[in-house]
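Below, chain A is the first sequence line, B the second, and so on; all start at residue 1. Predicted model only: the values in this text are computed from it and were never measured. Both backbone and side-chain heavy atoms feed into the values below; hydrogens, waters and symmetry mates do not.
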Protein chains: 2
Amino acid sequence: MAHPIADVEDTAFEACDEGRALVRDVLERVGDKWSVVVICQLADTTRRFNELRRMSEPITQRMLSATLRGLERDGLVTRTVHDTKPPRVDYALTPRGFSLLEVVRALAGWAEANAAGIVHARTAFDARGLGASDLRRGPAA
Amino acid sequence: MAHPIADVEDTAFEACDEGRALVRDVLERVGDKWSVVVICQLADTTRRFNELRRMSEPITQRMLSATLRGLERDGLVTRTVHDTKPPRVDYALTPRGFSLLEVVRALAGWAEANAAGIVHARTAFDARGLGASDLRRGPAA
DNA sequence: CCGTATCCGGAACGATACTG
DNA sequence: CAGTATCGTTCCGGATACGG
């Protein structure tokens, strides 16, 4: 990760241009349907699989499994298997996971603060005539 | 977690449980492939359509159009049409758009800071035997 | 209890061609 | 220059059934 050449007036933001693929990578993690939910459930304490399953309803087994695996792969959660009578597996956030949680909290905070405004803007925009357009099939409904 | 009712112990984070649909909504905006890119390009100044197109390569016309429309719908960017000889349309961030930019910056900063660690964790995880699993098709390849 | 394998619908995205 | 319409593909995510 080396800077190509000095950027004189980067008052703004270099990460936007520089490691776009990199940032997109993280955004996809955060943008998928369940990662953030699971991370939040692990904010306080370590959890077991079906515990997470119940808390994250209506998540499916498949998606929880896949989500946890993705988080584990990125070093955001740890998976520990206890060899007890009925098998027991604990999931917990790693330090990196916690640091991501902080950022996600900021995002969630922004969402809460701006939810009303966004909803209002949407209804206003939708009310303002737009007959029909196949382009709605762009990003986010 | 023994309390049957009452959310007495919300020491942690209510937004995680409370407005999950709401937060997910914002996350989807942020998580789509181009919204963040476009927002970053508008960080400094107002931009025209093909200007954004070039800066955001390899975005397609269709996706840029759809992305901008989504952002406009949510009140994150404004669209101003100038009735000049060759038509000219300017896009710019709204105050709400700027506030989102701030949060996105934090996220991008986190991405930069943890990129190396994540890549390392991934290769390590992938190296650790996992023969084959269709579950990789979970969130985020 | 803790997962994995298989099937499948629909949404997101890209490529291309056309319009004002 | 600034879009829209149409088509095709890829891939996410839900339902279900099975295995350790």
Side-chain angles (χ1 to χ4, degrees), chain A residues 24-25 27-38 46-73 77-91 129-141, chain B residues 24-25 27-38 46-72 77-92 129-141:
Chain A
R24 260 243 305 126
D25 212 50
L27 266 330
E28 275 174 16
R29 268 250 127 281
V30 160
D32 82 55
K33 200 169 184 183
W34 300 108
S35 289
V36 169
V37 175
V38 171
T46 184
R47 304 277 185 196
R48 293 167 50 188
F49 187 86
N50 279 326
E51 201 172 354
L52 287 170
R53 180 154 163 51
R54 265 178 274 107
M55 297 176 74
S56 307
E57 250 160 328
I59 197 176
T60 61
Q61 261 187 350
R62 186 176 112 68
M63 288 319 292
L64 179 56
S65 191
T67 300
L68 286 169
R69 204 165 268 258
L71 294 173
E72 187 193 359
R73 190 171 104 99
V77 309
T78 58
R79 187 188 118 110
T80 21
V81 183
H82 298 104
D83 237 32
T84 56
K85 279 234 304 179
R88 176 204 179 102
V89 182
D90 283 335
Y91 292 92
L130 275 103
S133 185
D134 195 25
L135 267 179
R136 311 293 177 65
R137 292 179 323 141
Chain B
R24 260 242 308 126
D25 211 50
L27 267 329
E28 274 173 18
R29 268 249 128 281
V30 160
D32 80 57
K33 200 169 183 183
W34 299 109
S35 288
V36 169
V37 176
V38 171
T46 184
R47 302 279 186 194
R48 294 167 49 187
F49 187 87
N50 280 326
E51 203 172 351
L52 287 170
R53 180 155 164 50
R54 264 178 275 107
M55 298 175 73
S56 307
E57 249 159 325
I59 196 175
T60 61
Q61 263 187 349
R62 189 179 113 69
M63 288 317 292
L64 178 55
S65 193
T67 299
L68 286 169
R69 208 164 262 260
L71 294 173
E72 188 193 357
V77 311
T78 58
R79 187 187 117 109
T80 21
V81 184
H82 298 106
D83 237 33
T84 56
K85 279 246 300 178
R88 177 205 179 101
V89 182
D90 284 335
Y91 292 92
L130 276 101
S133 184
D134 195 24
L135 267 179
R136 310 297 179 67
R137 291 182 333 153

For [Y], is there any backbone N or O sitting under 3.5 Å from a side-chain donor or acceptor partner on [X]?
X: A/Glu72; Y: A/Arg69; value: no
X: A/Ser56; Y: A/Ile59; value: no
X: B/Thr46; Y: B/Asp90; value: no

Just the rounded figure in Å: distance from [atom2] of [N] to [atom1] of [X].
X: B/Gln61; N: D/dT4; atom1: CD; atom2: C1'; result: 9 Å
X: B/Glu57; N: C/dC13; atom1: CD; atom2: P; result: 18 Å
X: B/Glu72; N: D/dA2; atom1: CD; atom2: C1'; result: 14 Å
X: B/Met63; N: D/dT10; atom1: CE; atom2: P; result: 17 Å
X: A/Arg54; N: C/dC1; atom1: CZ; atom2: C1'; result: 11 Å
X: A/Arg69; N: C/dC2; atom1: CZ; atom2: P; result: 15 Å
X: A/Leu52; N: C/dC2; atom1: CG; atom2: C1'; result: 12 Å

Side-chain N or O of [X] less than 4.0 angstrom from OP1 or OP2 on [N]?
X: A/Ser65; N: C/dT4; answer: yes
X: B/Tyr91; N: D/dG3; answer: yes
X: A/Lys33; N: D/dG14; answer: yes

Name the residue closer to the 5' end of DNA chain D, choosing between A/Trp34 and B/Phe49 according to the nucleotide with the nearest heavy atom.
B/Phe49
If each of A/Thr60 and A/Pro87 is mapped to the nucleotide of DNA chain D with the nearest heavy atom, which maps nearer the 5' terminus, i.e. the 5' end?
A/Thr60
Using a heavy-atom cut-off of 4.0 Å across all strands, would you classify B/Arg53 as base, sugar-phosphate, or nothing?
nothing
Under-3.5 Å donor-acceptor pair between A/Arg62 side chain and C/dG3 base:
no
Do the side chains of B/Ser35 and B/Leu71 get nearer than 4.5 Å, heavy atoms only?
yes
